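Indexing begins at 1, ligand by ligand and atom by atom, following the structure's order. Side chains are part of it too, since the values below use all heavy atoms of this structure and drop only hydrogens, waters and symmetry mates. Computed from a predicted structure; not experimentally measured.
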Amino acid sequence: MLLAIDCGNTNTVFSIWDGEQFLCTLRTSTHHARTADAYFTWYSTLVKHYGIEVDIDEVIISSTVPRVVYNLRVFTDRFFGCRPIVVGKPDCLLPNEPRVDLGTQVGPDRLVNTAGAFDRHGGDLIVVDFGTATTFDVVAKEGAYIGGVIAPGVNLSLEALHMAAAALPHVDISNPQKVIGTNTVGCMQSGIFWGYVGLVREICTRVKAERDRDMRVIATGGLAPLFQQSAELFDVMEDDLTMHGLTVIHQFNKDNG
Ligand SMILES: Nc1ncnc2c1ncn2[C@@H]1O[C@H](COP(=O)(O)OP(=O)(O)OP(=O)(O)O)[C@@H](O)[C@H]1O
Ligand SMILES: CC(C)(CO)[C@@H](O)C(=O)NCCC(=O)O
Ligand SMILES: [K+]
């Protein structure tokens, strides 16, 4: 069985696969100091709770936080007796090599999203991921990551307003119907929500113009549905895109390794 680990700057997600069959997802916050033993305690408690028979013998990791990889490697070695494939490391093959400036380290989550989206939809795509940052990955016709855009994440933007301005409270994102807020919270929610709708639309329009072609927009991440409800920004939404990408890269390494 395969354990696929997607470690973001905010959350770490484990998903377990029996061949092609998805079994379950486990989510925790990302902490660089979490030890291999702590991962195992958390993991085995949840697996037991769900009553799943698991026998992990393969692991793939994508981590946007370099420091957590050491403990995840120890976890994998100690409890499953195997060596993980780590996306972005030289020994992890990619279905298509990224075409970026020399020396650029593309975020592994973006490489994984690219592989997952290309596998499902073919090329000429813009993949939008609403995570800690909001990223746009441009996928060429033949499936290579050829660059993109990094914008501050939705929750990060709301938090930044609260942190920097004494009179602005902590606010959760929502999709206000009106743009004119009549109280502080409403004003903040409008600024972030409608500002984001504009940001996504403008970036996608400009990417298509720069590429001089039509491209499909694939969205992933927890907040994608919130935006799609109020404005038609995406052609497709897939909450499991990153996990799918990890299984695609894992299979590619098995077939070509
Ligand atoms: N309606 C909502 N309002 C506020 N937050 C939401 C809503 N729906 C989903 N979320 C949040 O979105 C997040 C989903 O995040 P996702 O896994 O896409 O990225 P992340 O964990 O925030 O970032 P990273 O992958 O960089 O760690 C969850 O933390 C969830 O709490
Ligand atoms: C942009 C984030 C933080 C999004 O998770 C991650 O992909 C990352 O750390 N990227 C490194 C820089 C880059 O992708 O060009
Ligand atoms: K993510």
Inset, instruction - Could you tell me if the ring centre of Phe75 sits under 6.0 Å from that of Tyr70? - result: no
Legend entry - Centroid-centroid distance, Trp194 to Phe227, less than 6.0 Å: no
For [X] and [Y], does a side-chain donor sit closer than 3.5 Å to a side-chain acceptor?
X: Thr28; Y: Thr12; value: no
X: Thr25; Y: Ser15; value: no
X: Glu159; Y: His170; value: yes
X: Asp255; Y: Gln251; value: yes
X: Asn11; Y: Ser29; value: no

If you measure from [atom] to every heavy atom of [options], which option wins on shortest distance?
atom: atom 20 (P) of ligand 1; options: Asp109, Asn11, Asp129; answer: Asn11
atom: atom 2 (C) of ligand 2; options: Val65, Val112, Asp109; answer: Asp109
atom: atom 19 (O) of ligand 1; options: Gly131, Gly107, Pro225; answer: Gly131
atom: atom 15 (O) of ligand 1; options: Ala133, Ser174, Gly8, Gly222; answer: Gly222

Checking a contact table here: which protein heavy atom is nearest [atom], and how many Å away?
atom: atom 1 (N) of ligand 1; value: Leu223 CD2, 4.3 Å
atom: atom 4 (C) of ligand 1; value: Ile173 CG2, 3.5 Å
atom: atom 12 (C) of ligand 2; value: Gln105 O, 3.7 Å
atom: atom 1 (C) of ligand 2; value: Thr135 CG2, 3.7 Å

Inset, instruction - Would you give the length of the straight line joining atom CZ of Arg78 to atom CZ of Arg73, rounded to the nearest 0.5 angstrom? - result: 15.0 Å
Please say whether [X] places an N or O atom under 3.5 Å from an N or O atom belonging to ligand 1.
X: Thr132; result: yes
X: Asn155; result: no
X: Leu226; result: no

Legend entry - Contact atoms of ligand 1, heavy-atom distance to Arg27 under 4.0 Å: 17 (O), 21 (O)
Legend entry - Atom indices of ligand 1, in the order listed, that fall short of 4.0 Å to a heavy atom of Gly221: 18 (O)
Output the list of atoms in ligand 2 that are nearer than 4.0 Å to some heavy atom of [X], sorted by atom number.
X: Val106; value: 14 (O)
X: Arg110; value: 7 (O), 13 (C), 14 (O), 15 (O)
X: Gly107; value: 7 (O), 8 (C), 10 (N), 11 (C), 13 (C), 14 (O)

Legend entry - Nitrogen or oxygen atoms of Ala133 and ligand 2 under 3.5 Å apart: no
Inset, instruction - Output yes when the distance from some N or O of ligand 2 to some N or O of Asn9 is under 3.5 Å, and no in every other case. - result: no
Legend entry - Protein contact for atom 30 (C) of ligand 1 (heavy atom, distance under 4.0 Å): no
Inset, instruction - Using a distance threshold of 4.0 Å (strictly less than), state whether atom 11 (C) of ligand 1 has a protein heavy-atom neighbour. - result: no
Inset, instruction - Count the heavy atoms belonging to other residues, nucleotides or ligands that lie under 6.0 Å from CD of Glu53, then report whether that count exceeds 12. - result: no
Inset, instruction - Indicate yes or no: does Asp137 engage Arg110 in a salt bridge with an N to O separation below 4.0 Å. - result: yes
Inset, instruction - Measure from NZ or CZ of Arg99 to the centre of the six-membered ring of Tyr145 and say whether it is under 6.0 Å with the direction within 45° of the ring axis. - result: no
Inset, instruction - Could you tell me which non-hydrogen atom of Val179 sits nearest to which non-hydrogen atom of Ser190, and how far apart they are? - result: O-OG, 2.5 Å
Legend entry - Proximity flag Asp172 to ligand 1, non-hydrogen atoms under 4.0 Å: no
